[in-house]
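Working notes, structure below.
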Amino acid sequence: MTTHPAPEPRFIFPPWTNVLPAISLVAVVGGLVGAIAGVWYYFSPRNTDVGYQPTQPVPYSHKLHAGDLGIDCRYCHVGVERSPVASVPPTQVCMNCHTQVKKDSPLLNAVRKSWAEGTPVPWKRVHKLGDYVYFDHSRHVTRGVGCVECHGRVDEMIVVKQVEPLSMGWCLECHRDPGPRLRDPQKDRVTDMAWLPPGAKVEDSDETIAAKRAEFGKTIVERERIAPPTECSRCHR
């Protein structure tokens with residue numbers, strides 16, 4: 001009886017295709033991780049909100065008014081020390097000066113129309129938190145948090161823009177270590193955009209000023225017993 005060798009098995013796909021499932025799995029997982037990382041980075045407030053600078057109905061220059069003329073922030077934003085909301089100045093505040101100063105300037109047409117018709121100037125809001133967040137301006141300002149900490153050097157802006165993300169993570173960084181952002185609420189003007197801690201000079205390096213701010217802020221935290229909350233319920237009510 002003649003025996004014949006068993007026929008070699010025939011495969012539909014070549015051997016190298018055995019690694020395709022592993023490659024596909026790595027590609028899918030890598031793609032998901034990449035997508036999540038991309039959304040986390042590019043859709044964060046630091047990328048979507050920082051730099052927002054809308055064109056306003058009136059070409060109001062903070063550099064001129066708050067910087068060159070030295071008008072205190074609280075003259076226009078009257079609620080910042082007493083209310084959760086800083087408030088947008090009513091037309092009356094503008095007209096306190098502009099019934100005499102540049103009263104015929106075409107740049108102020110929207111202000112004069114507002115004054116004549118009793119309707120508000122349609123200012124475009126620059127800094128806005130989510131409706132699910134509770135923020136109290138007065139609590140921060142009266143504890144020594146300067147306007148510049150959140151709004152930047154507004155006194156140098158011709159058109160105001162957002163310079164900080166105002167995100168939850170950004171807020172928590174300050175709440176966990178408030179010292180470097182504090183000044184003496186009993187002596188120092190929170191509206192002073194160019195404020196420096198005691199012993200610091202304009203010509204000092206950024207690192208030196210930051211170190212002195214942290215050192216000075218530590219004394220304020222201890223003296224005023226400042227302990228910002230980090231519980232979710234304090235901001236998400």
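Atom set for the values below is all heavy atoms of this structure, side chains included, hydrogens, waters and symmetry mates excluded. Not measured: the values here are computed from a predicted model.
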Exercise for review: Check the pair Leu172, Met168 against side chain to side chain contact (heavy atoms under 4.5 Å, CB included), reporting the backbone distance first and the verdict last.
Suggested key: CA-CA 6 Å; Leu172 284 173; Met168 183 175 72; 4.1 Å; yes
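- Residues Met193 and Val154 meet the side-chain proximity criterion, which asks for heavy atoms closer than 4.5 Å.
- In this structure, Pro45 and Pro165 approach most closely via the heavy-atom pair CB-O, 3.5 Å.
- Judged by distance alone, the side chain of Gln162 and the main-chain N or O of Gln53 form no donor-acceptor pair under 3.5 Å.
- Rounded to the nearest 0.5 Å, atoms NE2 (His62) and CG (Asp155) are 10.0 Å apart.
- A continuous path of ILVMFWY side-chain contacts below 4.5 Å connects Met95 to Val88, so both sit in one hydrophobic cluster.
- Here the two rings, on Tyr134 and His236, have centers that are 6.0 Å apart or farther.
- Counting only distance, with no hydrogens or angles, the side chain of Arg183 and the backbone of Asp188 share no donor-acceptor pair below 3.5 Å.
- Note that CZ of Arg112 and SG of Cys94 are 12.0 Å apart. Values are rounded to the nearest 0.5 Å.
- A donor-acceptor pair is defined here as one N or O able to donate and one able to accept, closer than 3.5 Å; no such pair exists between the side chain of Ser83 and the backbone of Val80.
- A donor-acceptor distance shorter than 3.5 angstrom exists from the side chain of Arg237 to the backbone of Arg234, with no hydrogens or angles considered.
- Not one N or O on the side chain of Ser114 forms a donor-acceptor pair closer than 3.5 Å with the backbone of Ala110.
- Not a single salt bridge (Lys or Arg N to Asp or Glu O under 4.0 Å) links Asp136 to another residue, sequence neighbours left out.
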Exercise for review: Decide salt bridge (charged side-chain N to carboxylate O under 4.0 Å, His left out) for Lys212 and Asp204; before the verdict, give the C-alpha distance in whole Å, the side-chain angles of both, and the deciding distance to 0.1 Å.
Suggested key: CA-CA 10 Å; Lys212 291 182 177 180; Asp204 289 340; 3.6 Å; yes
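- Phe216 and Ile226 fall within a single hydrophobic cluster, where Ile, Leu, Val, Met, Phe, Trp and Tyr side chains are chained together by heavy-atom contacts under 4.5 Å.
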Check your understanding: Between Ser138 and Arg82, is a side chain to side chain contact (heavy atoms under 4.5 Å, CB included) present by the stated rule, with each step listed?
Key -> CA-CA 5 Å; Ser138 63; Arg82 305 185 301 273; 5.6 Å; no
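- Between Thr142 and Glu81, the shortest heavy-atom contact is CG2-O, 3.8 Å.
- Side chain of His65 to main chain of Ser61: a donor-acceptor pair is present (N/O by atom type, distance under 3.5 Å, no hydrogens or angles).
- Scanning both residues, Asp184 and Ile220, for their nearest heavy atoms gives CA-CD1, 3.8 Å.
- Under 4.0 Å is where a charged nitrogen must lie from a carboxylate oxygen, and between Asp49 and Lys128 no such pair does.
- Shortest non-hydrogen contact noted between Ile209 and Ala200 is CG1-CB, 4.5 Å.
- Side-chain atoms of Gln186 and Glu224 form a donor-acceptor pair, as typed in the model, at a separation below 3.5 Å.
- Distance alone, capped at 3.5 Å, is enough to place a donor-acceptor pair between the Asn109 side chain and the Pro106 backbone.
- Distance check, rounded to the nearest 0.5 Å: CG of Asn96 to CD of Gln92 gives 4.5 Å.
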**Study point:** Derivation of the side chain to side chain contact (heavy atoms under 4.5 Å, CB included) call for Lys161 and Val50
**Key:** CA-CA 8 Å; Lys161 66 179 179 180; Val50 171; over 6 Å; no
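- In this structure, SG in Cys73 is found 8.0 Å from CZ in Arg189, a value given to the nearest 0.5 Å.
- Residues Leu196 and Lys201 fail the side-chain proximity criterion, which asks for heavy atoms closer than 4.5 Å.
- Taking the ring pair (Phe, Tyr, Trp, His ring centres under 6.0 Å) definition, one finds that Phe135 meets it with His137, His140, sequence neighbours left out.
- In this structure, the side chain of Glu164 does not engage the main chain of Leu166 through any donor-acceptor pair within 3.5 Å.
- Annotation: side chain of Val221 is in contact with side chain of Pro178 (closest heavy-atom distance under 4.5 Å).
- Within the structure, ring-ring contact (aromatic ring centres under 6.0 Å, His included) pairs that include any residue of residues 74-129 comprise His127-His151 (at least two apart or interchain).
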**Study point:** Worked verdict on Asp68 versus Lys63 for side chain to side chain contact (heavy atoms under 4.5 Å, CB included)
**Key:** CA-CA 6 Å; Asp68 300 341; Lys63 181 181 184 302; 3.6 Å; yes
